Every structure is written in structure tokens, then in C-alpha cells.
Number of protein chains: 2
Amino acid sequence: MATMQQVAERAGVSIATVSFVVNGSKKVLPHTRERVEAAMRELGYSRNHAGSALARGRTDIIALLYPAFERNLSGTAMTFFTSAADRARERGYTLVLWPAHNEAAEITELTASGLVDGVLLMEVQLEDGRVDRLKEGRTPFALIGRTQDPEGMAWVDVDFASSVETAIEELVALGHTSILYISGATEKRFVAHGGVARARESYLQTMAQSGLTATTLTCGENSAAGRLLAAELVEHHPDATAIILMNEHAAPGLAIGLAQHGVRVPDDLSIISIGTSAHMASMAEPVLTHMDSPAAELGRLGVDAIIERINEPDRPLPQTLIPCTPGEGASVARAPRR
Amino acid sequence: MATMQQVAERAGVSIATVSFVVNGSKKVLPHTRERVEAAMRELGYSRNHAGSALARGRTDIIALLYPAFERNLSGTAMTFFTSAADRARERGYTLVLWPAHNEAAEITELTASGLVDGVLLMEVQLEDGRVDRLKEGRTPFALIGRTQDPEGMAWVDVDFASSVETAIEELVALGHTSILYISGATEKRFVAHGGVARARESYLQTMAQSGLTATTLTCGENSAAGRLLAAELVEHHPDATAIILMNEHAAPGLAIGLAQHGVRVPDDLSIISIGTSAHMASMAEPVLTHMDSPAAELGRLGVDAIIERINEPDRPLPQTLIPCTPGEGASVARAPRR
DNA sequence: TTGTAGGCGTTATCAT
DNA sequence: ATGATAACGCCTACAA
């Protein structure tokens, strides 16, 4: 509650001097600096954010826009938040999570009010209205994920494509030829979600290159849907020997359903879960072999990207692809003999 | 980027008039109001947050402080965030998620800088340094959860105690007499976590009142720990016929482990999971009978509480207990005959 | 090295 | 009904 003015008076210096010591913006004699610091301590001074922001024209705040409509974000969301927040702090920024309903107005309000210096957008869709809005404004932004055509923007994304490719190659090497692809499907979201779309593309392409027949299925993002899917698999896809799973929330239920139908994982059917955490993977029986989502790195690099946009808008755009890392599990085996 | 001054010039009025129409703070002739609104539209005016905050002495921002150290927040955290954010928006506030590492300095920095009008603190511990810090400052705050002695503070909490009591009564009515209590245990957190502690108290008390022997166990908050726990139960607690589970993340693993040891749920062993979501409950086989966490209501009421503190500090302190609601499941049955 | 003073964009009081 | 203008707290040329 104390102002610089009060600190200045108490220390017997001018308000400018106080500013200098608070911000280290100019040299001050050790003697007077001490006096100022003492006064600050005594008065419990703390710099007022609004005043400072107004004068400097920046707030040192970054907004991490997350989609409030999502029922369940990936299990790694928290890891991502935390690593992003830590990184921001390290670099002198404060990161705040900004829930947005995907409304244009919310983004305009956020950026035009000058409340934040930059925006980090997560859960980016192939066509994303939020990105369009962001492009219209002047606030620097960076994407976690990519739109269909992400040229001209800063982004950091998980390399789902290569993960899927790797997974398929692994399965093929184990003799699998009938490999299904299963992704989530909630309110059309997954049709447009960049990562899922690219994973699917990669699946189709890799299968084609391997001369294998591709089959893609969708399944709600919950265990109940996973259980139902198991029945569908048994009935309609009895020949499948492996699954590329892009739907971690359905995984436990799927495994349960399969077991109930007498399908043994991995003896009868192998499963590789893409972009999951070990935590989620272990909720299923058997523990899922998976490709771990690089959530922490994503958060760190995302923050670095937006800060670079803020401070050095003329540098080349940061555009980084991060691979998943292989995770332990017991859901993959050699293809069964037929 | 346009300022009020520019809008005023363009509309041929004074800056004060613009302020009146922007805030609706005074009557303005329809004629001039239109002129002003047109000018605003043409210039794409948007009120500058820092300027406004400085002049008004308030920011209309509420910080939701969440513990960044947590490995996994409850599965209902997102629901809670979202409902809180929605409620805040409804009432003209912006809610921002503020990750904090439980450091005093972070809280001081946040509150003393005047960046937010109020703070909502979640994951409150029985002894919580953050609360002490908050008490020292002048920023209004409210708790989601309660400290040991929460008198004199505003709080909204889940009534775990009554949930546990209800659960035990249900089990007793089904003939159970050997009922275990299992909670999480991560880095001492659960020793101090208000909800868990009160749930445990309630368990001990209710068991005593029923003349039953109480046994409490802890288990890491993940499926692997749950699997290990199953082995421990089989070995050391073969007589138990029911479990009160306060550890949703371990649940799927526990169920899996039990099945592998030949323990049938619910025929041999009943499980009631307290404070879970249906989503998490369905990840286990069988789907867990549970007491649903009132996450959405908690978010809404928490925001209402802090806003009341901000605007009417003289009103009696909001202190609200919200019960869990019974959730469907298949993990409870009559006690087995011995 | 330190002080003076104008300005950042809004709000709100007090005139007109 | 509208306009002038003094805050709000801080930053930063520019002066001294």
C-alpha cells in the first residue's frame, strides 16, 4: 500500500531515486541505496502493478489461453501448465491461465485491453477462430500446436506424425499387418484438432507406404466409450492384431472391455498409446506401451517462443517440433499366428 | 490501441463524455452517445486496463491460486476451474489461474502489487503457510477447503466428513464390519490436506461409534501404487470386506491388482470411492461406486464468496459446506458370509 | 549521482 | 448534459 513517494520521503530522496533502486535502472550510491532499501522494508513497499504497467507500456504478463469448453484435457495438461509457469517466472514474466470459450470477443477483450504482453494458445485446431482473431490484433502470440497452414506464426508442436510412424514401424517389425487407428471424438473437436489430424494423416500415409490396409475408428473420450469400442472391435474387426491409440481417456475401458471379451492384450492384440503420460498408461491392464507426451518441454519452449516474439519481433519465427519419447509398457507383442 | 482522447476528438466531445458512455456512469444524450459509439467502433477502441485500474484502484481480476507442486490434481480440477471462471465472468470479473509453489514471496508479490482484487486459494492444508501470508496482507481472500481453525475466514469446502459417514453407514447396512480406510500419500501432503484429514477423522469416529475396528492405510497417488496395495491387502488384511477409498488415482490399479489376486469386487470386497468424478470412477473395473465431488458448485460458490468479500467486507463471512452426491457404480455389495 | 517534471490512459469531482 | 482537470503510481528524458 505504500507508494514510491512515501518511500522517497522517508528515505529523504526523490521519487526518481527510489525508482532507480527498485528497477536497478541507474547507478545509485551504496549509501543512498541502503537508505532507500531500509525505507522500503520499513514501509513494506511493493511496486504497484497498474502504475508500472501504465508507465512502461508492458505488463510482463503472459496469458496461456486454454479452452474452457473441454471436458477433459489430456492428463499431461498440468505438467504443461506447471513447466510453462516455471519457465515464465525464470524469465521474469508471470504466466496466467486464461480460460476462454473459444469466443472471438474474449480474445479481443484480452489483447486489446493491454492486460498482457503476449498470448500462448493451446489446443490449436486446424481451423481456429482464435488464431484468426489473434492475427488481427497486435498482441504477440505463439501456438502450442499448429493450424492447417501455420506459416507466418510462431509455434511449438508435438511431432505426432513421427511418433505414429515409429509406432507403426515397430508393430510391422513384430509381424503386425492389420493395424487399426483409434482417436477420440468429442463434439467434432477431434476432426479439427491439429495433432490428431496430423497423427491420422501420418497413419494413413505410413500404412499406404507399407502396403497395408488402413482402418480408422473413433471413440468417445472416456472409459465407458472404450468398453463399448471393445465390443465393436470384436464384432467388426476380429482380424486386427494391433491398435494405434490416440485417445488416452478411453484406454482403461478399452483394455477392460477387451479382457471381458476374451481378447488378451498383448497376446491377441497389441496397443500403442500415443501422446500419453506414464501415469495414464498405468491405469490400464496391462500397462500400456506408449509414446510419452513431451509436456514439460512443450511448456518451456512455448514460453520461450512467446517471449522471443515479444522482445525480438524481427527474429525468425520460432517453429519447433518435439518428438514423443518411448514409454515403458506391456501392451505390445509379436503378432499372433493365424 | 486507440485512447479515449482520440475517441473524444473524433466524436467532437470531451474525454469525460467518452468515459461516461464507456462505463455507463452518467447519462448522455442519445445523440452524442451515438457519435461516441461510432467513433469507438471506427477506431476500434478498447479500454486500457492499466489506466483504468490505476484510476479506479481495482482491477476486476480474481486470482485462483493453485499449487504448482502437485503432481496430480484431482480429476475434477478442470471442472472446478471452468465453473469458477464462468461464474467470475458472469459477475463481471476475470478469473485467472495463478500457479504458486507455496512460497510466501509469491503470494506477497501477487497481493501487494495490486494486480488482483481478491484471491481464491485451493488445496488448502490444515496448516497452510499461504493462508498465513494472506492474513497478513490486505487483499480479500477465500478458501476452497479449510485450515485447522478456519474461523474468521471465508471458505467453501466439500463435506467429506458426512460423505464418509454416509458411506460407512451404507456398508454397515450391507453387513460389513471390517472396513478399511485408504488415502493418498505424496510427500506428506495428505497428512495435512484438510479434506483428507477430516475424512479420516470422520472415518475413525464413525467406526468407533459403530463399535467397529478402524484401520487406515495410505497409498501413492498412482495406479502402480494401487497395484502394490492390492498385494498388501491380500497379505495383511484378508478379513477386510470393504474399503473407503480417498485416492482416486490409485483406484484403477487397486482394482486390477485385486483381480489378479483373485479378489472379486464387489463379491469379496466392496469399494466406495470418495470425492471422485464419474469419469475417474469408470476407469476401474468394476466401475466404482462413488461419492461425486461437487466441483462445479464449489467453483461457483468459491467465486461468489470472494466477490462478496471484495464488495461487502462487513457482511458475515461466507462459510459453506457442500456434500458429495452419490454416484452410480458396481463396486458395492452385501458383505460376504464367512 | 540525484532531482524535476511531463506523460502513460482512465476516472471522478466540480464547474458550467 | 457535458467539459476541465486533478488525481492514480510509476518511469524516464532532461537538468542540475
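No experiment lies behind these values; they were computed from the predicted model shown. Scope of the values below: all heavy atoms of this structure, side chains included, with no hydrogens, waters or symmetry mates.
- Using a 4.5 Å heavy-atom threshold, the side chains of R87(B) and E90(B) count as touching.
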Does the salt bridge (charged side-chain N to carboxylate O under 4.0 Å, His left out) test come out yes or no for E297(A) and R300(A), once each step is laid out?
CA-CA 5 Å; E297(A) 209 177 344; R300(A) 210 172 58 75; 5.1 Å; no
A correct 5'-to-3' footprint of nucleotides 7-16 of chain D, with B, S and - meaning base, sugar-phosphate only and no protein heavy atom under 4.0 Å, is -BBBSB-B--
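- Between F81(B) and Y66(B), the ring-plane angle classifies as tilted under the 30° and 60° cut-offs.
- Note that the first and last nucleotides of DNA chain C, 5' to 3', having any atom under 4.0 angstrom from a heavy atom of chain A are dT1(C) to dG9(C).
- Side-chain contact between T3(A) and N48(A): absent, with no pair of heavy atoms (C-beta onward) separated by less than 4.5 Å.
- The two residues R47(A) and S52(A) have their closest heavy-atom pair at NE-OG, 3.3 Å.
- At distances below 3.5 Å, at least one donor-acceptor pair connects side-chain atoms of T59(B) with backbone N or O atoms of L115(B).
- A sub-4.0 Å separation between OP1 or OP2 of dT2(D) and a side-chain N or O of T32(B) is present.
- Side-chain atoms of E9(B) never come within 3.5 Å of backbone atoms of Q6(B) as a donor-acceptor pair (strictly under, hydrogens ignored).
- Taking five base pairs at each end of the helix from dT1(C)-dA16(D) to dT16(C)-dA1(D), the local helix axes there meet at an angle of 40°, rounded to 10°.
- With rounding to the nearest 0.5 Å, the separation of CD1 in I306(B) from CG in N311(B) is 9.5 Å.
- A donor-acceptor pair is defined here as one N or O able to donate and one able to accept, closer than 3.5 Å; such a pair exists between the side chain of R56(B) and the backbone of R58(B).
- As judged by a 4.0 angstrom heavy-atom cut-off over every strand, V18(A) is placed among residues making no nucleic acid contact.
- The backbone N or O of V156(A) sits nowhere less than 3.5 Å from a side-chain atom of T320(A) that would complete a donor-acceptor pair.
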